Amino acid sequence: MNKKITKAVIPAAGFGTRFLPVTKSVCKEMLPIVDKPTLLYIVEEAVAAGIRDILVITGRNKRILEDFFDYTPELDALLEREGKEEFLHLSRQIESMANLYFVRQKHPVGFADAVLYAEAFTGEDPFAILLGDDIIYTEPGAVSGIGQLMQCYEETGKPTVAVMPVSDEDVPKYANIAAKERDGNRCRIDRIVEKPSVREKFSNDAVIGRYIVEKDIYQIIRNTPPSPKGEVYFTDALQTLASQGRLMGCRFRGKRYDAGNKLEFLQANVEYALRDGALAEPFRAYLLELAEKLK
Ligand code: G1P
């Protein structure tokens, strides 16, 4: 029986330069999609899959992330006094939804280095990694994005990454895989490379920011030589697992948004607003009116 995943790691130390100037003082993980910071979507995805212990790898000027999940007695008291039950419930839910841990990456030298800060937290256990820029929407009641990878890991006993088909134009934005053995929505990955050009691609299967790995990943990262850019790529560490025949790809069901890209961030806001009980109708009416004017 393979071990159950109960821990997740969320690297969140990046500067968010693609969102300047707002990220001069607000960290990108706090930018809202409708009324929730993007980080909350990621935490909810992990919690929906049964994960209770979550380590967020932050950096300087990111204390606001800790505050968000903390107890807010003044706010809660005010909501209670004013009888705003719904908001009070929401606030309490956020305070108690998971055990959140925080550690700071000292120098912003990339994803693989950030993962190394999780070693004491994950110990002997396999764990999930969720990148904050990738938001995965799944239908209510469906297994969450990371939950689908966990099923693959629990059944195969092999580290697993999320895979999504992309157009040639988007190939250079992602890690890219070669896989021969396919079984439904799963495949065994033979090769994985970080952000190839279209000419160098193995396929049109891109890796998006969801991973299940085991404790050996730390030693593998430490043994991985840096890329010509000077940074050790997490993808290069995954190649070691692939060459051992130990890396699975899971083509997840769900819609993924790149919240680190302005256009997709706006699209995510529009689509989540259209799924929101109270906003959906008036917002849809507004969009239709706007579409008429733009014709
Ligand atoms: C990171 C990873 C890349 C992966 C992508 C998914 O890149 O390095 O392998 O495909 O996330 O979103 P980034 O988007 O941080 O440049």
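From a predicted model like this one, the values you see are computed outputs, not experimental measurements. Ligands are counted one by one from 1 in listed order, and the atoms in each one are counted from 1 as well. We number each residue from 1, following the sequence as shown.
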Discussion item. Heavy-atom contact check, 4.0 Å cutoff: does A206 meet ligand 1?
Written reply: no
Atoms of ligand 1 close to [X] [distance to a heavy atom under 4.0 angstrom, numbered from 1]:
| X | answer |
| --- | --- |
| R256 | 12 (O) |
| V207 | 4 (C), 6 (C), 10 (O) |
| L131 | 1 (C), 11 (O) |
| T235 | 9 (O) |
| D134 | 6 (C), 12 (O) |

Practice prompt. Looking only at protein heavy atoms, identify the closest one to atom 7 (O) of ligand 1 and say how far it is in Å.
Written response: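 Looking only at protein heavy atoms, the one closest to atom 7 (O) of ligand 1 is K195 NZ, 3.3 Å.
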Just wondering, are more than 12 heavy atoms of other shown residues or ligands nearer than 6.0 Å to [atom1] in [X]?
| X | atom1 | result |
| --- | --- | --- |
| E124 | CD | no |
| K84 | NZ | no |
| R63 | CZ | no |

Worksheet item: Would a search of protein heavy atoms around atom 15 (O) of ligand 1 find one under 4.0 Å away?
Response: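 Given the 4.0 Å limit, the answer for atom 15 (O) of ligand 1 is no, no protein heavy atom qualifies.
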Worksheet item: Ring centres of F127 and F121 under 6.0 Å apart?
Response: no
Item to complete: Taking the six-membered ring for Trp and the single ring otherwise, decide whether the centroids of F111 and Y211 are under 6.0 Å apart.
Response: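 Yes, ring centres under 6.0 Å apart.
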Discussion item. Name the residue from I5, V43, N99 that meets the side chain to side chain contact (heavy atoms under 4.5 Å, CB included) definition with I51.
Written reply: I5
Fill in: NZ/NE/NH1/NH2 to OD/OE distance under 4.0 Å, R256 and D134
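Answer for the salt bridge query: yes.
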Worksheet entry | Heteroatom proximity flag, A175 to ligand 1, N/O under 3.5 Å | yes
Discussion item. Just so I know, are the side chains of I135 and E264 near enough to count as touching, which here means a heavy-atom distance under 4.5 Å?
Written reply: no
Response to the item:
A student comparing R210, E194, E231 should find that the heavy atom closest to atom 8 (O) of ligand 1 comes from E194
Worksheet item: Side chain or backbone of D133 under 4.0 Å from ligand 1, or both, or neither, by non-hydrogen atoms?
Response: neither
